[in-house]
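We count residues from 1, following the sequence as given.
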Amino acid sequence: MEELQSALKERDLIVSTLPEKGRCFLTTRDFYPGEVIISQEPYVCVPNKSSGDRRCDGCFTSSNLRKCSACHVVWYCGSTCQKLDWKLHRLECQALSRLDMDKRKSVTPSIRLMLKLYLRRKLESEKVIPTTATNNYNLVEALVSHISDIDEKQLVLYAQMANLVNLILQWPEINMKQIAENFSKFACNAHTICDGELRPLGTGLYPVISIINHSCLPNSVLVFEGRLAVVRAVQHIPQGAEVLISYIETAGSTMTRQKALTEQYLFTCTCPRCIKAGESDDIQESAILEGYRCKDDQCNGFLLRSSDGKEFICQHCGVVRDKEEIRKIASEVKSMLDTVLMSSSAGNHQETFCMYQKIETLQRKLCHPFSISLMQTREKLLKILMEQQDWREALAYCRLTIPVYQSTSYFYLDLPGETYLSSSGVYPGFHPLLGLQYYTCGKLEWFLGNTDSAIESLTRAVDILKITHGTKTPFIKDLLLKLEEARAEASYKLSSKDE
């Protein structure tokens with residue numbers, strides 16, 4: 001712990017312990033939006049496993065891959081990544097090669113992650129792999145597992161997975177109970193490694209990053225530069241304040257967020273947003289994000305259930321909607337969603353698209369315009385249209401989602417000594433998803449010849465993503481290049497008109 005504290009001191013951080021929350025990071029100086037607070041390479045990591053989307057074990061690229069000739073499980077993009085990973089993979093390769101081919105193919109990323117954890121621990125103990133203050137097995141041991149809080153069904157699953165790890169490693173001294181507990185640690189502490197556009201690439205364990213606690217009103221964001229986990233401030237963080245990120249998708253009501261946190265991370269959030277549960281602001285936010293729309297198409301008011309529970313009343317204009325009418329539409333939407341999941345799994349893309357269009361039509365009648373479920377349906381339609389290269393229709397749906405992503409109606413949460421900026425929109429101003437939505441919008445506008453609109457959208461994307469992603473990654477450099485090219489094109493068009 002002293003070595004970790006000393007290493008963090010250089011980064012203007014200290015590890016502290018807070019009642020009800022456990023370990024946390026506190027700042028020893030002010031941090032400002034866009035500043036890197038801390039970064040860490042993974043202790044262990046694995047790429048996602050997909051037959052159509054293989055990735056290099058070293059850098060997670062999907063280009064120029066060749067599989068390991070011995071185990072036939074692991075892939076590399078070239079000799080550089082293979083050599084860097086060889087100390088660890090040499091042992092993993094030997095273990096996997098003892099399995100028959102069918103069993104090798106069934107080894108999941110979670111099992112591989114656990115294998116690599118124990119193999120790395122072995123190599124550390126033998127001084128083959130050096131340890132540092134921020135990368136050593138003792139930090140993994142210090143992680144919370146919540147093993148005593150999980151149900152019997154999950155315990156049985158972890159025991160079965162531990163037995164498989166034991167079967168592969170064939171170490172007589174292995175502690176099965178400890179492996180099961182480490183699987184529980186993975187569930188609470190492992191991070192999904194994403195690319196610059198937040199598409200998942202793999203899973204990694206970052207024991208120092210895992211010290212950072214959750215808030216539904218985070219002051220920082222976690223993004224990845226390759227496999228490197230980087231935490232950046234998205235607002236001013238004063239000296240002595242706690243560094244906070246979000247563990248979950250924060251778009252949703254307090255009840256939805258608390259359910260996700262309880263199921264995945266086994267704790268109840270007490271952030272400034274969550275402690276307002278049941279208050280008027282929280283009720284309004286829930287009714288907008290997950291509730292129903294006013295019957296008057298010209299009204300954007302939110303509905304609340306009447307005292308007798310038989311109808312819903314618009315809190316803006318007073319128009320009443322019958323409970324049975326809402327139930328009927330909601331039931332139809334649910335039935336269609338169940339059907340579309342089957343058609344999409346069967347690979348029927350055109351039928352899937354038509355079904356989502358019908359669902360969106362029904363949701364526009366049922367849901368508030370800022371509804372999360374309506375936005376998610378439009379996101380699915382946007383993705384399908386992008387795949388079909390129907391750029392004009394894709395742009396129309398992209399523009400429909402931005403007002404929901406964007407914070408539009410700000411209010412302040414005042415607590416003793418603290419003021420938090422929140423909103424009834426889905427995300428705060430500096431959120432990578434909002435920046436990426438502007439990026440998509442800008443690319444589509446530019447492709448369709450709407451250069452001025454593209455410049456505006458790409459500029460907004462840059463303003464957000466340079467805070468969340470920095471300015472030196474290939475993704476951001478490509479975005480900045482696109483913006484420069486769009487501006488040059490607009491300038492050329494203007495000069496041509498003048499001539």
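- Among Val165, Val73, Thr203, the single residue meeting the side chain to side chain contact (heavy atoms under 4.5 Å, CB included) criterion with Arg112 is Val73.
- Listed for the Gln5 side chain is a donor-acceptor partner under 3.5 Å among the backbone atoms of Val15.
- Counted within 6.0 Å of CD on Gln170, heavy atoms from surrounding residues, nucleotides or ligands total more than 12; the atom is thus considered enclosed.
- Taking CG from Asn182 and CG from Leu117, the interatomic distance works out to 5.5 Å, rounded to the nearest 0.5 Å.
- Looking only at distances, no side-chain donor or acceptor of Arg23 sits under 3.5 Å from a matching main-chain atom of Asn213.
- In this structure, Thr262 contributes its side chain and Lys259 its backbone to no donor-acceptor pair below 3.5 Å.
- Side-chain N/O atoms of Arg257 and Thr254 include a donor and acceptor closer than 3.5 Å.
- Closest approach of Leu261 and Cys216 over heavy atoms only: CD1-SG, 4.5 Å.
- The line from NZ of Lys116 to CG of Leu119 is 9.5 Å long, rounded to the nearest 0.5 Å.
- For residues 373-387, the pairs satisfying salt bridge (charged side-chain N to carboxylate O under 4.0 Å, His left out) are Glu360-Arg378, with sequence neighbours left out.
- Between Tyr43 and Tyr137, the angle of the ring planes lies from 30° to 60°, which puts this pair in the tilted group.
- The six-membered or imidazole ring of Tyr439 lies near that of Phe475, with a centre-to-centre distance under 6.0 Å.
- Around atom CG of Asp100, more than 12 heavy atoms belonging to other residues, nucleotides or ligands sit under 6.0 Å away.
- Note on Glu225 versus Lys472: no salt bridge recorded, every NZ/NE/NH1/NH2 to OD/OE distance being 4.0 Å or above.
- Residues Thr451 and Ala486 come closest through the heavy atom pair CG2-O, 3.3 Å.
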Inset, instruction - Would you check, one step at a time, whether the test side chain to side chain contact (heavy atoms under 4.5 Å, CB included) holds for Glu242 with Lys21? - result: CA-CA 11 Å; Glu242 183 182 2; Lys21 295 182 73 173; 2.8 Å; yes

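- Minimum heavy-atom separation, Pro42 to Asn135: O-ND2, 4.2 Å.
- For Glu20 and Thr270, the side-chain atoms include no donor-acceptor pair closer than 3.5 Å.
- A distance-only check finds a donor-acceptor pair linking the side chain of Lys185 to the backbone of Glu141 [under 3.5 Å].
- The aromatic rings of Tyr265 and Tyr247 are tilted relative to each other, their planes meeting at an angle between 30° and 60°.
- Between the Ser184 side chain and the Ala180 main chain, no donor and acceptor come within less than 3.5 Å of each other.
- Seen from the ring of Tyr118, Arg120 does not count as a face-on cation partner, given the 6.0 Å and 45° thresholds.
- A donor-acceptor pair under 3.5 Å links the side-chain atoms of Asn136 to the main chain of Leu139, judged by distance alone.
- Residues Val234 and Pro33 fail the side-chain proximity criterion, which asks for heavy atoms closer than 4.5 Å.
- Atom CE of Met255 sits in a sparse spot, with 12 or fewer heavy atoms from other residues, nucleotides or ligands closer than 6.0 Å.
- Open room surrounds CZ on Arg66; 12 or fewer heavy atoms of other groups in view lie less than 6.0 Å from it.
- Distance check: Cys194 SG to Leu201 CG gives 6.5 Å after rounding to the nearest 0.5 Å.
- The main-chain N or O of Gly196 is found under 3.5 Å from a side-chain atom of His469 such that the two form a donor-acceptor pair.
- Put simply, the side chain of Gln437 does not reach to within 4.5 Å of the side chain of Ile464, judged on heavy atoms.
- Between Phe31 and Gln239 the shortest side-chain heavy-atom distance does not fall below 4.5 Å.
- To the nearest 0.5 Å, the span separating CZ on Phe25 from CD1 on Ile245 amounts to 10.0 Å.
- Between Glu445 and Arg399, at least one side-chain nitrogen of the basic residue sits less than 4.0 Å from a carboxylate oxygen of the acidic one, meeting the salt-bridge criterion.
- By the 30° and 60° cut-offs, the orientation of the rings of Tyr206 relative to Phe224 is tilted.
- A distance of 9.5 Å separates CG of Leu436 from NE2 of His431, quoted to the nearest 0.5 Å.
- The shortest side-chain heavy-atom distance between Ser62 and Arg55 falls under the 4.5 Å cut-off.
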Inset, instruction - With side chain to side chain contact (heavy atoms under 4.5 Å, CB included) as the test, would you mind laying out the steps for His236 and Asp30 before giving the verdict? - result: CA-CA 7 Å; His236 172 223; Asp30 287 16; 3.0 Å; yes

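- Under a 3.5 Å cut-off, the side chain of His89 and the backbone N or O of Lys87 do not form any donor-acceptor pair.
- Glu181 and Lys177 are not joined by a salt bridge, as no carboxylate oxygen comes within less than 4.0 angstrom of a charged side-chain nitrogen.
- In terms of modelled atom types and a separation under 3.5 Å, the side chain of Ser210 and the main chain of Asn189 share a donor-acceptor contact.
- Under the 3.5 Å distance criterion, with hydrogens and angles disregarded, no donor-acceptor pair is assigned to the side chains of Glu485 and Trp446.
- Contact check for Ser39 versus Val231: no side-chain heavy atoms found under the 4.5 Å cut-off.
- Other residues, nucleotides and ligands contribute at most 12 non-hydrogen atoms within 6.0 Å of the CD atom of Glu2.
- Looking at every heavy atom in both residues, Cys269 comes nearest to His214 through SG-CD2, 3.7 Å.
- Using a 4.5 Å heavy-atom cutoff, the side chains of Thr473 and Val223 are not in contact.
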Legend entry - Worked verdict on Leu4 versus Ile211 for side chain to side chain contact (heavy atoms under 4.5 Å, CB included): CA-CA 12 Å; Leu4 179 61; Ile211 295 172; 4.0 Å; yes

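- No side-chain heavy atom of Glu92 sits less than 4.5 Å from a side-chain heavy atom of Cys71.
- Although no hydrogens or angles enter the test, the distance criterion places a donor-acceptor pair under 3.5 Å between the side chain of Gln40 and the main chain of Thr134.
- Residues Pro47 and Asp57 are in side-chain contact: their nearest non-hydrogen atoms beyond the backbone lie under 4.5 Å apart.
- A pairwise comparison of heavy atoms in Leu433 and Tyr405 identifies CB-CE2, 3.8 Å as the closest pair.
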Inset, instruction - Would you please test Ile237 and Ile37 for side chain to side chain contact (heavy atoms under 4.5 Å, CB included) and show each step? - result: CA-CA 10 Å; Ile237 306 174; Ile37 298 171; 3.7 Å; yes

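- Between Arg227 and Cys45 the shortest heavy-atom distance is NH1-SG, 3.3 Å.
- Between Ser373 and Ser371, the side chains place a donor N or O and an acceptor N or O closer than 3.5 Å (distance only, hydrogens not considered).
- Residue Glu393 holds its CD atom at 9.5 Å from CG of Leu395, rounded to the nearest 0.5 Å.
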